[in-house]
Amino acid sequence: MTIAQIGIIGGSGLYKMESLKDVEELEVQTPFGSPSDALILGTLGETRVAFLARHGRNHTLLPSELPFRANIYAMKQLGVEYLISASAVGSLKEEAKPLDMVVPDQFIDRTKNRISTFFGEGIVAHITFGEPICKNLASVVADAIATLTEGNASLNLPDVSLHRGGTYVCMEGPAFSTKAESNLYRSWGATVIGMTNLPEAKLAREAEIAYATLALVTDYDCWHPDHDSVTVEMVIGNLHKNAVNAQKVIQETVKRLTENPPASDAHSALKYAILTNLDKAPAATKEKLGLLLNKYL
Ligand SMILES: CSC[C@H]1O[C@H](OP(=O)(O)O)[C@H](O)[C@@H]1O
Ligand SMILES: Nc1ncnc2[nH]cnc12
């Protein structure tokens, strides 16, 4: 049963969606434990959506402590097919300035301590991850931003520029990068840096959920000669403005997704990914992963 087709994970600064109506709190349990917080069901425009505060509503979880599997599995349990992540990021490029929005299309993994698969315990799967973000969902997000930032019709976000595409470096944290690291990532051509989205994108794909990132720039990390190195104070200063902007973008994105839900490769990501003969796989694992595997059994 689908309770919500669209999910939203709110990152640093976005702990609540003010415009949700008919709100219900769901304490969801999964075979991978509890999510970061209760899932909030609510109506945005005409559409029922599921919202989760990634670090908990009081921001109590470090990036390395996030229950990524439970978060994504909980979204799957509610029937989510499109998942939008709103995340604070540092900018690695001059042109992506604080308050700008980036819709990345690639990741570089610099995490060290994350579990980013549902598989194991007798069932092996290798998803294709060359295109880690759903292109069609990302286009809907980017088009929604464009409507709010460009042209004369709706100058709701006049100071914000949109950057379509780009590479998100996902670091372990919680300390921010050294200058040498920041410059290394710049030499790799990366666009933004954060600590959370890569494990989510992997797990969402394993769960056959289309995933896209709305990256909200808060700082220039520590590489920029004319800007102070990132501090939490600096990030927070921009987070509040970003959170207001992000909600406008999400509302517009949800409207567009409802009118015209796009096709996504992610929705069949497991079709050729499972190596194990499921007839011979351990019953307990099949049961645990039932939600992901049922259509292939
Ligand atoms: C508060 S700055 C560092 C923190 O913010 C980002 O979190 P999120 O992706 O959940 O918005 C970054 O990844 C770090 O976790
Ligand atoms: N500079 C930065 N590095 C890592 N994560 C961030 N989140 C916001 N700014 C960041």
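For ligands, and for the atoms within them, numbers begin at 1 and follow the listed sequence. Not measured: the values here are computed from a predicted model. The chain is numbered in sequence order, starting from 1.
Proximity of a side-chain donor or acceptor of Thr231 to a complementary backbone N or O of Met234 within less than 3.5 Å is detected. No donor-acceptor distance shorter than 3.5 angstrom exists from the side chain of Tyr73 to the backbone of Leu203, with no hydrogens or angles considered. The closest donor-acceptor contact from the side chain of Glu259 to the backbone of Arg256 lies at 3.5 Å or more, if one exists at all. Proximity of a side-chain donor or acceptor of Thr43 to a complementary backbone N or O of Glu46 within less than 3.5 Å is not detected. Between the side chain of Trp223 and the main chain of Ser91, a donor-acceptor pair closer than 3.5 Å is present. Remark: side-chain polar atoms of Glu27 are not paired, donor with acceptor, to backbone N or O of Ala38 under 3.5 angstrom. Here the side chain of Asn136 pairs a donor or acceptor atom with the backbone of Ala263 at under 3.5 angstrom.
By the criterion of a heavy-atom distance under 4.0 Å, both the backbone and the side chain of Thr196 are placed next to ligand 1. Only backbone heavy atoms of Val89 (N, CA, C or O) come within less than 4.0 Å of ligand 2; its side chain stays farther off. Both the backbone and the side chain of Met195 come within 4.0 Å of ligand 1, counting heavy atoms alone. If you look at Pro63 next to ligand 1, the close heavy atoms, those under 4.0 Å, all belong to the side chain.
Not a single heavy atom of Val232 sits less than 4.0 Å from an atom of ligand 1.
Of all atoms in ligand 2, numbered sequentially from 1 with element shown, those under 4.0 Å from a heavy atom of Thr218 are 8 (C), 9 (N). Using a 4.0 Å cut-off to heavy atoms of Met171, the atoms of ligand 2 that qualify are 4 (C). Close contacts between ligand 1 and Gly11 involve ligand atoms 8 (P), 10 (O), 11 (O) [criterion: under 4.0 Å to a heavy atom]. Interface of Met195 with ligand 2, defined as ligand atoms under 4.0 Å from a residue heavy atom, comprises 4 (C), 5 (N). The contact set between ligand 2 and Ala88, taken as ligand atoms under 4.0 Å from a residue heavy atom, comprises 7 (N), 8 (C). Each of the following atoms of ligand 2 lies closer than 4.0 Å to a heavy atom of Asp221: 1 (N), 2 (C), 3 (N).
The closest protein non-hydrogen atom to atom 10 (O) of ligand 1 is His55 NE2, 2.5 Å. In terms of protein heavy-atom proximity, atom 2 (S) of ligand 1 is nearest to Val235 CG1, 3.8 Å. At the shortest separation from atom 9 (N) of ligand 2 among protein heavy atoms lies Asp219 OD2, 2.7 Å. In this structure, the protein non-hydrogen atom closest to atom 3 (C) of ligand 1 is Phe176 CE2, 4.0 Å. Closest to atom 6 (C) of ligand 2 among all protein heavy atoms lies Ile193 O, 3.6 Å. The closest protein non-hydrogen atom to atom 7 (O) of ligand 1 is Ser12 OG, 3.0 Å. Arg54 NH1, 3.5 Å is the protein heavy atom nearest to atom 8 (P) of ligand 1.
If you run side chain to side chain contact (heavy atoms under 4.5 Å, CB included) between Arg186 and each of Leu92, Ile193, Asp221, Thr191, only Leu92 comes through.
The structure places CE of Met195 at 4.5 Å from CE of Met171, a figure rounded to the nearest 0.5 Å.
The number of heavy atoms from other shown groups lying within 6.0 Å of CD (Glu233) does not exceed 12. Within a 6.0 Å radius of CG in Leu278, other residues, nucleotides and ligands contribute more than 12 heavy atoms.
Backbone and side-chain nitrogen or oxygen atoms of Gly90 are examined, and one is located within less than 3.5 angstrom of a nitrogen or oxygen of ligand 2. For ligand 1, the polar-atom distance check against Gly194 finds no nitrogen or oxygen pair separated by under 3.5 Å. Taking any N or O of His59, backbone or side chain, none lies under 3.5 Å from an N or O belonging to ligand 1.
Ring centroid separation for the pair Tyr82 and His267 comes in under the 6.0 Å cut-off.
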Below 3.5 Å, can you tabulate the donor-acceptor pairs from side chains in residues 100-111 to any protein atom, sequence neighbours excluded?
residue, atom, partner, partner atom, Å
Asp100, OD1, Lys97, NZ, 2.8
Asp100, OD1, Ser161, N, 2.9
Asp100, OD2, Lys97, N, 3.1
Asp100, OD2, Lys97, NZ, 3.4
Asp100, OD2, His163, NE2, 2.8
Asp105, OD1, Gly166, N, 3.1
Gln106, NE2, Gly130, O, 3.0
Asp109, OD1, Thr111, N, 2.9
Asp109, OD1, Thr111, OG1, 2.7
Arg110, NE, Tyr185, OH, 2.8
Arg110, NH2, Tyr185, OH, 3.2

